**Student:** 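Here's a structure for you.
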Amino acid sequence: MKAQVVVTLKTGVLDPQGKAIENALDTLGVSGVESVRQGRYFEVELDGTDRAVAERTVDAMCKQLLANTVIENYRFDIVD
Amino acid sequence: MKAVIVQFPGTNRERDIAHAIEVAAGAAPQFVWHAETSLPACDLIVLPGGFSYGDYLRVGAIAAHAPIMADIVKKANDGVAVLGVCNGFQILTEIGLLPGVLMRNADMTFVCRDVHLRVETTDSVFTRAYRRRQVITVPVAHHDGNYFADETTLDALEADNRVAFRYCDTNGAIDPASNPNGSQRAIAGILGENRNVLGMMPHPENLIEMALGGTDGLGLFEGLAQAAA
């Protein structure tokens, strides 16, 4: 199994990097962009076949390390 | 004063801190590698500046789970003074000894220059040698010093008198132009609940002798030495 984890900044938390990317897109002449928020994506290969166990494991690793829940939200999918 | 300085891969300010401690306390600190699991008995634990683990994932995030950290947390909870400067401050927030987080500077640039700090409280072993509202000059050198916490946490820090230093102008006034990184409420350093843990972004260890341009940072180390005497 594999976990696909996405970590994003919480709403209201200033994202200077996303803002810089947004400005760069504007400089490139890309139209139609309202705003950009930057996040992180992880792929975690898991052994075992129990999906419930995998979900608990990944949830714990997100809380402990992959995300800083002071400023970030996380979500994940377990895929085969 | 028996001081211990913890080194992680990527730490680079440990010798500056060691020199400052030796000047103030008259005794050389001991260096401890992050892979150790216990610290010797000591009066002060220092997490110095640098770029531990190359700032991978988030600043301080990997170092916060190094083998030595469990004993640092234990000793901090037992009352041993813990000082985190710059990357050390970032590590202390990641491990939860201090609230909040240090984010990318608001203007995205690495800032390396002298700043003015206002001493907000003298009620700690770190700030006892200063006067309340004293304005000191100390350098900063960081890319991720933008202090963030939710409003409830910020209010609690202020109510408990746990803001140690704020960025200010030469007269001690707080204004956006004097804030080098966008930190909320101009916070440059905060104390833990029991006032024995200090995290700060500026580098007091780098302004401790006139040859370097000033001595305003020395008071922090002298206060620690006095408290341990």
Side-chain angles (χ1 to χ4, degrees), chain A residues 2-30 33-47 53-78, chain B residues 52-67 69-70 73 87 89-111 142-154 156-157 176 179-187 190 199:
Chain A
K2 180 163 73 180
Q4 299 172 325
V5 183
V6 175
V7 177
T8 54
L9 281 173
K10 288 181 177 174
T11 308
V13 175
L14 185 72
D15 178 14
Q17 295 178 101
K19 194 74 190 168
I21 294 163
E22 187 182 316
N23 293 343
L25 288 171
D26 186 55
T27 304
L28 283 169
V30 177
V33 176
E34 285 207 355
S35 69
V36 177
R37 301 281 281 171
Q38 180 174 312
R40 292 191 184 85
Y41 172 73
F42 305 85
E43 288 190 343
V44 185
E45 295 287 346
L46 302 160
D47 57 15
V53 169
E55 286 182 357
R56 282 198 299 275
T57 303
V58 175
D59 191 66
M61 75 173 72
C62 286
K63 283 194 176 75
Q64 288 175 343
L65 183 62
L66 299 187
N68 182 331
T69 55
V70 175
I71 50 166
E72 293 169 332
N73 293 320
Y74 63 87
R75 62 179 190 270
F76 60 84
D77 293 313
I78 308 288
Chain B
S52 58
Y53 294 92
D55 285 348
Y56 290 175
L57 186 59
R58 295 178 305 275
V59 289
I62 308 291
H65 300 285
M69 289 310 297
V73 171
N87 191 220
F89 185 11
Q90 295 160 345
I91 295 167
L92 289 174
T93 61
E94 279 284 340
I95 197 65
L97 281 175
L98 294 172
V101 60
L102 284 310
M103 300 186 62
R104 180 55 46 100
N105 293 346
D107 65 2
M108 297 293 288
T109 57
F110 190 100
V111 56
H142 61 248
H143 209 167
D144 299 88
N146 183 355
Y147 184 73
F148 179 91
D150 61 40
E151 292 294 313
T152 308
T153 303
L154 293 169
L157 284 171
N179 185 334
N181 51 35
S183 285
Q184 289 193 315
R185 304 192 191 182
I187 287 173
I190 55 170

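Worth saying up front: this structure is predicted, and the values here are computed from it rather than measured. Here is the naming used below: chain letters follow the sequence lines, and residue numbers restart at 1 for every chain.
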**Student:** For residues B:A106 and A:P16, report the shortest heavy-atom separation together with the two atoms involved.
**Tutor:** O-CB, 3.7 Å
**Student:** For the residue pair A:K19 and B:M108, establish whether any side-chain heavy-atom pair is separated by less than 4.5 Å.
**Tutor:**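 They are not in contact (no side-chain heavy atoms under 4.5 Å apart), so the answer is no.
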**Student:** So which atom in A:V70 and which in B:F148 form the shortest heavy-atom distance, rounded to 0.1 Å?
**Tutor:** O-CE2, 4.3 Å
**Student:** Can you name the nearest heavy-atom pair linking A:L65 to B:H65, along with the distance?
**Tutor:**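 The pair with the smallest heavy-atom distance is CD1-CD2, 3.5 Å.
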**Student:** For A:R75, look at atom CZ and say whether over 12 heavy atoms of other residues, nucleotides or ligands are found less than 6.0 Å away.
**Tutor:** no
**Student:** Let me know if A:E72 has heavy atoms under 4.5 Å from chain B in its side chain, its backbone, both or neither.
**Tutor:**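 Contact with chain B involves the side chain of A:E72 alone.
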**Student:** Considering residues, nucleotides and ligands other than B:Y56, do more than 12 of their heavy atoms fall under 6.0 Å from its OH?
**Tutor:** no
**Student:** Nearest 0.5 Å, please: how far is CD in B:Q184 from CG in A:L14?
**Tutor:** 9.0 Å
**Student:** With a 4.5 angstrom heavy-atom cut-off, which part of B:D107 approaches chain A: side chain, backbone, both or neither?
**Tutor:** neither
**Student:** A:I71 and B:M103: which non-hydrogen atoms are nearest, and at how many Å?
**Tutor:**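 A:I71 and B:M103 have their closest heavy atoms at CG2-SD, 4.1 Å.
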